[in-house]
Amino acid sequence: MDSKILSDQDTEHASEKKAKLGIKFFFLYLLFYAAFVIIGVLNYELFAIEVFRGVNLAVVYGMGLILFAVLLGILYNYLCTRYENQINKTEE
Amino acid sequence: MIYGISYTALTFFILFVAFVLWLSFYLGKRTKSASTYYAAGGKIHWSVNGIAFAGDYLSAASFLGICGMIAISGYDGFLYAIGFLAGWIVALFLIAEPFKKLGKYTFTDALNSKFNSRAITLTASVSTLIISIFYLIPQMVGAGDLVTPLLGLPHWVGVLLVGLIVIFIVATAGMASTTYVQFIKGGLLIVLSFLLTGYILKHGFTLTPDHPGQPYHAFIEMTPEVKGDKVITAGDWKVLDQVEVKGKKLVRLEKEGIVRWFDLAGQEGHYLLKEVLSITHDKSGQVLYNGEPQANGNFYQVGHLSKIVVDGKEVDKTGAVGPVEYLSILENSTVVRFLNAKFTYGDESVSVYYPHETSGKDFLLPGLKYKIGKGSSIWSKLDFISLMLALFLGTAALPHILIRYYTVRSARDARKSTILAIAAIGAFYVLTLYMGLGAAVNGSMDVESSNMAAPLLARAFGAVLFSAISAVAFATILGTVSGLIVAASGAIAHDFIDLYLKKNLDENAKVKAGKIAAFAVGISAIILGMAFKGVNVSFLVGWAFAIAASANLPAILFLLFWKKTSSRGIAYSIVVGIVASLAIILTSPTMWGIYGLDPANAPHHLENPALISFPLAALTVYALSLAYPNGKITAAK
């Protein structure tokens, strides 16, 4: 559906599903983010291990967190759009 | 001399500012209603809004600050990039869509959508104003810092210039022009960062980072005659004195009437005197750079490698390298950083910057700034956790970011623009790692201002790139300041005057009040920008994030996800968040140092307040919502 003519009313019915998905994705990301902080505080030496073509875990994990956020965002949008379209189709 | 007036940069500045003013004037003709002024009529396309989000977010702190911090402290600067981006996860998954549905123009509108409480109106507008002003100060200070070296203008002129241009932008067209300025600037910033990173990778590594018209200074090294641990002779230099500062033995030498400081390195039988950079202030107000007036041009950009290792072999240079190879080579090489030591010598105040070798392994690990490994304490570890928490939670609570959700048509557009923002900002933050590391090893560091790392790195690769990057950095400040002034003027005119004081303004009066408020906030920002000259920019931005995370986020999250949340709970949590975060910041060791007291005697050793102030505010909204549910509040009104 064209976003120009999609109103908040149309997406309202999918809101609950989207909110639940958002919370799940939030905690999934939080898990990885918290693990990063915990490694830093409790097992700092682990960050020094080379894990990818001579690059250490700290850099790979940091870049991974950035990339993971982008990918998770794209997946979230895909699923939310699908919910919205499904519900709108059902209503038609 | 590090800086000179660049006429190419000046041309870029003038062209860009002229374009921005024309755009504001053009859009200003269409700004007739409050909706257009505060939220660009809610008609901005999600893709424009997404890049404008990136423009809003990639402020002076992100572009100039993070690159500079990576160049100085390596991976610890990248921690900010990781945390700043992670904050968008909270915005996307928890805030974006429901927040868009709640509000109209401002953060206060959204918080108050279910209650119509005057207490919320007051506290939320005060919170917006405080956060916006704390965020404004470093932008204005940064504007002065940027304009001074590039255009040869005094700091106050830079602040005044930015202030006046921004007041014009905001007062003419409000959110519409701010959005398009941010869109253009955000897009340009990302494109230019890709270009700069391309240059860095193409250039690779070299032990002698000379650039066309910009040879790297060959620091003097000589073997002295030493007795005990005192230098007796030093080549053709006359030995004047020797002092010990922070365990460093610094020797004062003179030649041809010029006095310089050297670092005595090594040990008995193998002593070496190494030239350091020095800035000396005497009582008469005279400032000498390496013993000479700054205009003599004998103060240098620094940052280089002392050892490059490729596949286990030492080399002098590498040639072009790939992005992964760049990091792995750096990890096996040795970076020379210039550390600072300050001391008083007679009636002179001396600041020296001495070379210090840091292994690439340590440079690409956390710990040079935030002590979580070697030499860490429980306080430094708590500080690290608190910083990462503040960065994670602060983003989604910044008023000038939140109001951007009202500029698009629908909740779906709010979501899509947030995802585009995450992709754009994420790409930029990955590039900051290369730009920061590139500045650290390419002789692009101004020891006096790490904020200039990215522009100076661009200068190494050509005048045009430097001019474009500098103009965009200036635009970065213009755009962010515009967004902040819109948010702050909304808090005063819409929230406080119209809603709290119940003036019931009509559309024209709302716009007029907004413009007057923008003018007042702009003038305040100019004055504060001049007053805070020299204060650490990142430190001030950290305040804004900490206050936003503590004052606003608990209120937003509880409102969205807990049905029992009451108006009193929200209002008091905002107050507790502001007071707790400010109290912890103002009694921190850093502030103790600023007050002229011994930081070791500070009441606590936490620099970042979020670890305490966020849970405290969350607990307040929970407890007071249970103690004073909505029914009682309504009855009380």
Side-chain angles (χ1 to χ4, degrees), chain A residues 1 3-12 14-15 18-19 21-30 32-34 36-45 47-48 50 52-77 80-81 84, chain B residues 45-46 75 78-79 81-83 85-86 88-90 92-98 100-101 322 324-325 327-329 331-332 361-362 364-367 370 372-374 376 381-382 384-385 388-389 392 408-413 415-416 418-423 425-427 429-430 433 560-561:
Chain A
M1 183 179 279
S3 65
K4 283 182 180 171
I5 55 168
L6 187 82
S7 71
D8 287 354
Q9 202 59 43
D10 298 324
T11 60
E12 192 62 43
S15 289
K18 288 189 293 182
L21 183 69
I23 291 169
K24 279 181 196 166
F25 276 23
F26 167 76
F27 279 107
L28 180 65
Y29 191 85
L30 182 62
F32 282 90
Y33 186 79
F36 176 78
V37 177
I38 289 166
I39 291 172
V41 173
L42 298 181
N43 198 355
Y44 170 81
E45 290 76 16
F47 273 148
E50 289 182 6
F52 179 70
R53 291 170 58 190
V55 182
N56 69 24
L57 179 65
V59 173
V60 172
Y61 205 144
M63 293 239 188
L65 277 173
I66 291 175
L67 190 66
F68 188 42
V70 177
L71 294 177
L72 215 52
I74 293 169
L75 180 64
Y76 176 71
N77 183 55
C80 286
T81 307
E84 287 162 2
Chain B
H45 190 270
W46 64 266
Y75 192 86
F78 191 51
L79 282 176
I82 296 166
L85 187 84
W88 282 92
I89 287 295
V90 182
L92 174 65
F93 295 144
L94 302 181
I95 309 287
E97 287 193 61
K100 163 70 183 166
K101 289 175 192 168
V324 178
E325 204 184 355
L327 298 170
S328 64
I329 290 173
E331 208 169 316
N332 292 309
K361 284 198 188 333
D362 285 341
L364 287 176
L365 277 178
Y370 296 99
I372 55 171
K374 284 176 272 183
S376 66
K381 288 184 174 187
L382 286 175
F384 172 74
I385 297 171
M388 296 309 281
L389 189 69
F392 190 54
V408 290
R409 288 169 197 272
S410 64
R412 178 190 269 201
D413 281 0
R415 181 180 76 232
K416 284 161 79 174
T418 311
I419 292 163
L420 181 60
I422 291 175
I425 295 167
Y429 280 149
V430 170
L433 183 62
L560 295 177
F561 295 101

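A note on names: the letters A, B, ... follow the listed sequences, proteins ahead of strands, and every chain is numbered from 1.
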(request) Sort B:D362 into side chain, backbone, both or neither according to what part of it lies under 4.5 angstrom from a heavy atom of chain A. (result) neither
(message) Quick check on A:Y33 against chain B: is it the side chain, the backbone, both or neither that has a heavy atom closer than 4.5 Å?
(response) side chain
(message) If you count heavy-atom pairs within less than 4.5 Å of chain A, which of B:P366, B:A96, B:G83 leads?
(response) B:P366
(message) Is B:L92 in contact with chain A via its backbone, its side chain, both, or neither, using a 4.5 Å heavy-atom distance?
(response) both
(request) Tell me, for B:F561 versus chain A, whether the close heavy atoms (under 4.5 Å) come from the side chain, the backbone, both or neither. (result) side chain
(request) Using non-hydrogen atoms and a 4.5 Å limit, figure out which bit of B:L433 sits close to chain A: side chain, backbone, both or neither. (result) side chain
(message) Measuring centre to centre across the rings, with the benzene-like ring taken for any Trp, is A:Y61 within less than 6.0 Å of A:F52?
(response) no
(message) Report which part of A:Y29 has an atom under 4.5 Å of a heavy atom belonging to chain B: side chain, backbone, both, or neither.
(response) side chain
(message) So which residue, B:L94, B:V430, B:L420, ends up with the most heavy-atom pairs under 4.5 Å with chain A?
(response) B:L94
(request) Could you grab the distance from atom CG of A:N43 to atom CD1 of A:I38, nearest 0.5 Å is fine? (result) 11.5 Å
(request) Could you tell me which portion of B:L79 (side chain, backbone, both or neither) has an atom closer than 4.5 angstrom to a non-hydrogen atom of chain A? (result) side chain
(request) Can you tell which part of A:E45 gets under 4.5 Å to a heavy atom of chain B, answering side chain, backbone, both or neither? (result) neither
(request) Identify which part of A:L71 has an atom lying under 4.5 Å from any heavy atom of chain B, answering side chain, backbone, both or neither. (result) neither
(message) So for B:L85, is it side chain, backbone, both, or neither that comes closer than 4.5 Å to the heavy atoms of chain A?
(response) side chain
(request) Check each atom of A:F68 against the heavy atoms of chain B and say whether the ones under 4.5 Å are side chain, backbone, both or neither. (result) neither
